[in-house]
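Note that the numbering runs from 1 along the sequence shown for the chain. Values reported hereafter were calculated over all heavy atoms of this structure, with side chains retained and with hydrogens, waters and symmetry mates removed.
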Amino acid sequence: MFSLVLSPINIVLKEYMAGGYTINFQRKYVFFYGIPVPIVMPVIVARKIVVAINVGGALIPLMISSIILCNLFIKDLGFFVTALLVILMTTITSYLSAKAIPGVGIAVPGLVPPLTAVITTLLLINNPIYSVPIAYVGGVLGSLIGADILRLKKEFYKFINVYGSSFLSIGGAGTFDGIYLSGILAAALALIFSK
């Protein structure tokens, strides 16, 4: 619920100047006898890249995952290590399947992180009490680390030198982002297949 409500909020982490300027076209309205008339005006804008993190799409799933990992560490170290292995496998597959897309940012096929998290979880354990939270954590942190952090770090030069101005938000699609959906889908599939 918090992810849904807080998905429009992005916290800017850093701004980078990409060099040069671009021309953007903005639509403004002029009222003529009370009737709005659209006018398109060119605006010169400095090329920059804004890196942000989305509250609903990244921070909330990250907080939930942190709570789950802390509980696993306190209750059973074996399941904590299993969670780390699931995160590692999901990170690797997310990194390998993610790519930079102009105007979008870093994209990963939607089913890759949750399916990797579920398959890895169910290969290691078959206990629904632990497999559901471990699959959730694997889906969330695997896609966050593999796609949004590691791939962004590798492809960042493309956004500066090739793609131009961008707003790169980690978890930026809010509730429809891969981080959020990976966790929810991985938990649901783990619940279905672990019985």
Please determine whether the number of non-hydrogen atoms from other residues, nucleotides or ligands lying under 6.0 Å from atom CD1 of Ile129 exceeds 12. no
What about [X] and [Y], same hydrophobic cluster or not, with Ile/Leu/Val/Met/Phe/Trp/Tyr joined at side-chain heavy-atom distances under 4.5 Å?
X	Y	value
Val30	Tyr33	no
Leu123	Val118	no
Val86	Ile67	no
Met89	Leu69	no
Ile92	Ile87	yes

Is there a side chain to side chain contact (heavy atoms under 4.5 Å, CB included) between Thr91 and Leu150 once you walk through the steps? CA-CA 9 Å; Thr91 298; Leu150 295 178; 4.0 Å; yes
Yes or no on side chain to side chain contact (heavy atoms under 4.5 Å, CB included) for Thr82 and Tyr130, after CA distance, side-chain angles and deciding distance? CA-CA 10 Å; Thr82 302; Tyr130 288 103; over 6 Å; no
From [X] [atom1] over to [Y] [atom2], what is the distance, rounded to the nearest 0.5 angstrom?
X	Y	atom1	atom2	value
Arg151	Leu96	CZ	CG	7.0 Å
Leu85	Ile125	CG	CD1	11.0 Å
Leu141	Asp148	CG	CG	11.5 Å
Ile53	Ile9	CD1	CD1	13.0 Å
Ser66	Leu59	OG	CG	10.0 Å
Phe25	Ile39	CZ	CD1	14.5 Å

Where [X] and [Y] come nearest, the two heavy atoms and their spacing:
X	Y	value
Thr90	Thr116	CA-CG2, 3.8 Å
Thr93	Val112	O-CG1, 4.0 Å
Ala190	Val132	CB-CA, 4.0 Å
Leu72	Ala83	CD1-CB, 3.9 Å
Ala52	Asn10	CB-CB, 4.2 Å
Ile68	Pro133	CG2-CB, 3.7 Å

Assign the ring pair Phe80 / Phe73 to parallel, tilted or perpendicular, where the plane angle (0 to 90°) is split at 30° and 60°. perpendicular
After noting the C-alpha distance and the side-chain angles of Tyr136 and Ile184, does the key distance pass the side chain to side chain contact (heavy atoms under 4.5 Å, CB included) rule? CA-CA 6 Å; Tyr136 176 84; Ile184 297 297; 4.3 Å; yes
Per the side chain to side chain contact (heavy atoms under 4.5 Å, CB included) rule, which among Pro113, Ser97, Pro61 passes with Ser143? Pro113
Going through the distances and angles, do Lys28 and Met41 end up as a side chain to side chain contact (heavy atoms under 4.5 Å, CB included)? CA-CA 7 Å; Lys28 294 185 178 185; Met41 299 186 66; 3.9 Å; yes
